Number of protein chains: 2
Amino acid sequence: MASTRTGPNLSRIAASLGVSVATVSNALSGKGRVSAELVERIRATAAALGYVPSQAGRALRTGRSGVLGLVLPDISNPLFPQIAQAVEYSASVAGYGILIADSRGDVGMQTEAINRLVERGVDGIVIVPRRGTRIADAGCPVAVIDTPSTPGNTVSADHWQGGREIGRHLRDLGHRKILLIGASSTSNVQNDRIGGFKSALDATIKTEVLWIEKLEEQNGPGCLLGLADKAQRGFTAFAALSDLHALRALTELQRAGIAVPDIATVTGFDDLIWSAVVTPALTTMRMDMETIAEIAVTALVNAIENGGPTEKGELDEAAADEPLPGGRLVSAEKSRVPMRLVIRQSSGPPGPARTNLLAENS
Amino acid sequence: MASTRTGPNLSRIAASLGVSVATVSNALSGKGRVSAELVERIRATAAALGYVPSQAGRALRTGRSGVLGLVLPDISNPLFPQIAQAVEYSASVAGYGILIADSRGDVGMQTEAINRLVERGVDGIVIVPRRGTRIADAGCPVAVIDTPSTPGNTVSADHWQGGREIGRHLRDLGHRKILLIGASSTSNVQNDRIGGFKSALDATIKTEVLWIEKLEEQNGPGCLLGLADKAQRGFTAFAALSDLHALRALTELQRAGIAVPDIATVTGFDDLIWSAVVTPALTTMRMDMETIAEIAVTALVNAIENGGPTEKGELDEAAADEPLPGGRLVSAEKSRVPMRLVIRQSSGPPGPARTNLLAENS
DNA sequence: AGGCCTTGATTAAACGATTAATCAGTTTTT
DNA sequence: AAAAACTGATTAATCGTTTAATCAAGGCCT
């Protein structure tokens with residue numbers, strides 16, 4: 001603790017007032033029995049001396065560090081800022097700090113990252129798992145933010161509902177041939193979005209899914225997606241499963257001289273930072289990260305402080321009523337948070353030469 | 001510490017081997033004098049018992065938490081992932097964890113965020129300051145990542161050089177009328193980039209600076225930048241001071257039917273995630289964040305562990321030889337890291353109907 | 001052979017906070 | 001009036017690690 005190395009501690013306050021350290025501790029924490037007048041004097045001198053409690057001392061005694069770990073599949077993911085900001089905020093409101101760990105896209109490193117956090121003594125961990133991975137027993141409560149269809153998911157955006165809403169939006173605009181653009185078919189999140197999307201359509205609407213990773217395996221990263229060709233073949237709407245892909249689609253279409261939204265409609269997902277400032281601004285689905293983070297952190301803190309509701313996610317052979325196994329997945333009552341449709345300028349009715357005058361609903 | 005709450009500790013290992021805790025501690029840390037044979041046995045049982053040292057106990061005794069704070073002006077900034085990832089990596093290599101704090105764009109909250117970190121006992125802090133703010137005395141070593149022209153800067157990209165390189169690139173391509181696009185004239189970083197940019201041009205080249213924030217004050221956020229009009233007036237190159245603005249320029253020009261790079265050239269800064277996947281892929285300047293983070297973390301760790309080179313940045317009236325004032329700005333020998341020009345498809349010679357066939361230099 | 005250095009271990013004192021147990025007065029109860 | 005209960009404080013143990021100080025024993029020197 002560089003913080004309180006030389007700074008005042010409880011005993012210094014106690015000494016300067018001629019009382020015992022226990023009394024000072026009780027006064028500041030409000031736990032024991034201390035006269036109101038003395039509490040006031042202790043508070044005053046503590047403030048005067050600039051007292052800052054030592055987390056190390058407290059942690060050693062209480063067994064709690066007051067820190068949560070945040071494990072991300074890949075920090076460089078553009079969605080990360082939203083997540084980190086929301087989780088950090090919820091945690092700080094609950095009195096916790098956030099220690100970050102990056103698994104850098106590597107599946108094996110996810111376990112390693114978790115271990116690093118555990119060794120640092122975090123009280124709990126929020127994990128946004130790499131797709132398809134299971135969470136190893138961490139030795140502390142764990143909240144998982146993924147997608148409702150993933151077993152063990154604590155809370156997440158309702159990606160299925162999000163897909164359904166954007167599907168409805170495109171259906172109502174009159175599109176009859178829609179291209180879905182995703183990264184990889186192994187993503188639970190993207191599959192949920194696709195499932196929801198298709199559930200909103202009727203039989204007359206034709207869809208096709210373009211997987212970017214598969215395409216790039218053949219043509220190299222950053223290759224063209226061949227959307228102009230798709231447009232020729234009658235696709236009037238391009239529903240990307242991420243704003244990053246939507247952006248790629250938008251610029252590729254524009255470059256090919258296909259006006260958006262006049263000729264083709266482009267929609268995205270996640271409302272990433274640039275979505276509002278490109279021209280035309282992207283119609284997209286926004287996750288309510290603030291709520292998701294708050295639910296996840298609350299569930300985690302509850303498990304930490306009260307041994308709240310948990311479920312054994314991985315150790316299937318063990319009995320569920322086993323005495324606290326150390327690592328445990330926490331669960332929340334509300335596990336799916338609805339996404340919100342943000343209509344901007346990139347979506348409109350199909351066919352040539354029509355402009356979308358809908359204003360953004362803030 | 002949820003980690004070692006019930007787990008094995010030094011005394012358990014000591015007991016199970018019939019030696020003293022001090023010996024175990026010495027054996028595991030390699031500091032005292034312990035026979036090689038006993039070290040081996042201790043190591044073995046420690047591993048067998050799954051021993052994890054308690055950070056709390058260690059921190060309390062040594063006064064070091066092994067954690068660095070990372071203060072960011074606004075986590076939602078798209079540049080953040082790069083920074084966080086690089087800093088987290090460098091820190092973990094040096095054996096430190098990263099605690100994040102977000103000042104959410106608010107100037108006042110920067111101080112508050114720093115205080116939160118200090119209260120959590122971080123050993124040092126890496127700050128990417130909100131533009132124009134000074135760093136308050138934090139009570140622990142502080143490394144600042146901003147721009148070389150900012151007093152107190154520890155290390156950063158050489159934004160001036162970056163500007164110069166992209167200026168040269170556009171000059172060599174033959175552009176004679178260039179529009180610079182920035183967010184705000186109060187940003188040191190952007191001003192450095194502009195300064196470097198102009199230093200690369202000769203007198204025959206005309207430039208103009210468009211400040212987005214000023215424009216949005218009048219026309220509302222997300223408004224058009226009027227670039228089509230600028231193109232009409234003879235501007236052939238649009239050099240944005242951030243990829244976010246470059247993207248905005250690119251899509252706005254495309255929407256107006258101005259082909260990039262055939263008619264107009266667009267360049268950016270920072271090589272953000274989407275820069276390589278839009279069409280045309282953005283020519284941009286890339287910061288070497290890995291190196292910057294490594295230098296910053298190394299300087300910080302050096303100051304923490306050896307009381308390395310520091311300078312009093314703020315407390316001007318105090319003598320420089322004052323005994324360690326607690327909070328101090330660390331300095332590094334190498335404080336400016338060159339940026340690298342990444343040529344992609346969005347830049348080309350001016351004038352109609354010419355295509356840029358330069359390959360990306362990876 | 002006695003003194004001295006080296007080796008390999010132990011002892012004990014911190015670090016700073018929390019908290020159960022205790023204690024001396026004072027007030028209330030029986 | 002003696003017992004019981006409450007109030008406001010103190011004492012002392014504890015969390016797990018590090019580390020200075022100490023100690024016993026064997027080897028080396030003069």
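These numbers come from a predicted model, not from an experiment. Sequence lines set the chain letters: A, B, ... in the order given, protein chains first and strands last, and positions in each chain run from 1.
Contact record, A/D123 with A/G63: OD1-O, 4.3 Å, taken as the closest heavy-atom pair. Heavy-atom minimum distance, B/A299 versus B/S331: CB-O, 4.0 Å. Considering all non-hydrogen atoms of both residues, B/P141 and B/A303 come closest at CB-CB, 4.1 Å. Residues A/S335 and A/T154 come closest through the heavy atom pair CB-O, 3.3 Å.
For B/V19, the listed nucleotide lying nearest its side chain is C/dT10; candidates were D/dT17, C/dA17, C/dT10. Of the candidate nucleotides C/dT10, D/dT10, C/dA17, C/dA17 has the atom nearest to the side chain of A/Y51. When distances run from any side-chain atom of A/V34 to the nucleotides C/dA9, D/dA9, C/dC15, the shortest one goes to D/dA9. When the nucleotides C/dT11, D/dT17, C/dG16 are ranked by their closest atom to the side chain of B/N9, D/dT17 comes out on top. If you check C/dT18, C/dA9, C/dG16 against the side chain of A/R61, the one that comes closest is C/dT18.
Contact between the side-chain N/O atoms of B/T23 and the OP1/OP2 oxygens of C/dT10 is found at a separation under 4.0 Å. An OP1 or OP2 oxygen of D/dA9 is reached within less than 4.0 angstrom by a side-chain nitrogen or oxygen of A/S35.
For the side-chain hydrogen bond (donor to acceptor under 3.5 Å, both in side chains) test, no residue two or more places apart in sequence or in another chain qualifies with B/S92.
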Practice item. For DNA chain D, produce a single dot-bracket line, 5' to 3'. Pairs: Watson-Crick or G-U wobble, both distances under 3.5 Å. Symbols: ( ) within strand, [ ] crossing, | other strand, . unpaired. Key: ||||||||||||||||||||||||||||||
Check your understanding: Just by protein heavy atoms under 4.0 Å, how would nucleotides 20-27 of chain C read 5' to 3' in B, S and -?
Key -> --------
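For the side chain to side chain donor-acceptor pair (under 3.5 Å) condition, the pairs that include at least one residue of residues 22-32 of chain A, sequence neighbours left out, are A/S20-A/T23. Screening residues 288-299 of chain B for salt bridge (Lys or Arg N to Asp or Glu O under 4.0 Å), with sequence neighbours left out, gives no hits.
Atom CD1 in A/I83 sits 7.0 Å away from atom CG in A/N77 (nearest 0.5 Å).
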Point to revise | From CA spacing to verdict: side-chain contact (heavy atoms from CB on, under 4.5 Å), A/L300, A/L68 | key: CA-CA 9 Å; A/L300 206 48; A/L68 304 179; 4.2 Å; yes
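Ion pairing between B/E88 and A/R116 holds under the 4.0 Å rule for side-chain N and carboxylate O.
Residues from residues 37-48 of chain B placing a heavy atom under 4.0 Å of any atom in DNA chain D do not occur.
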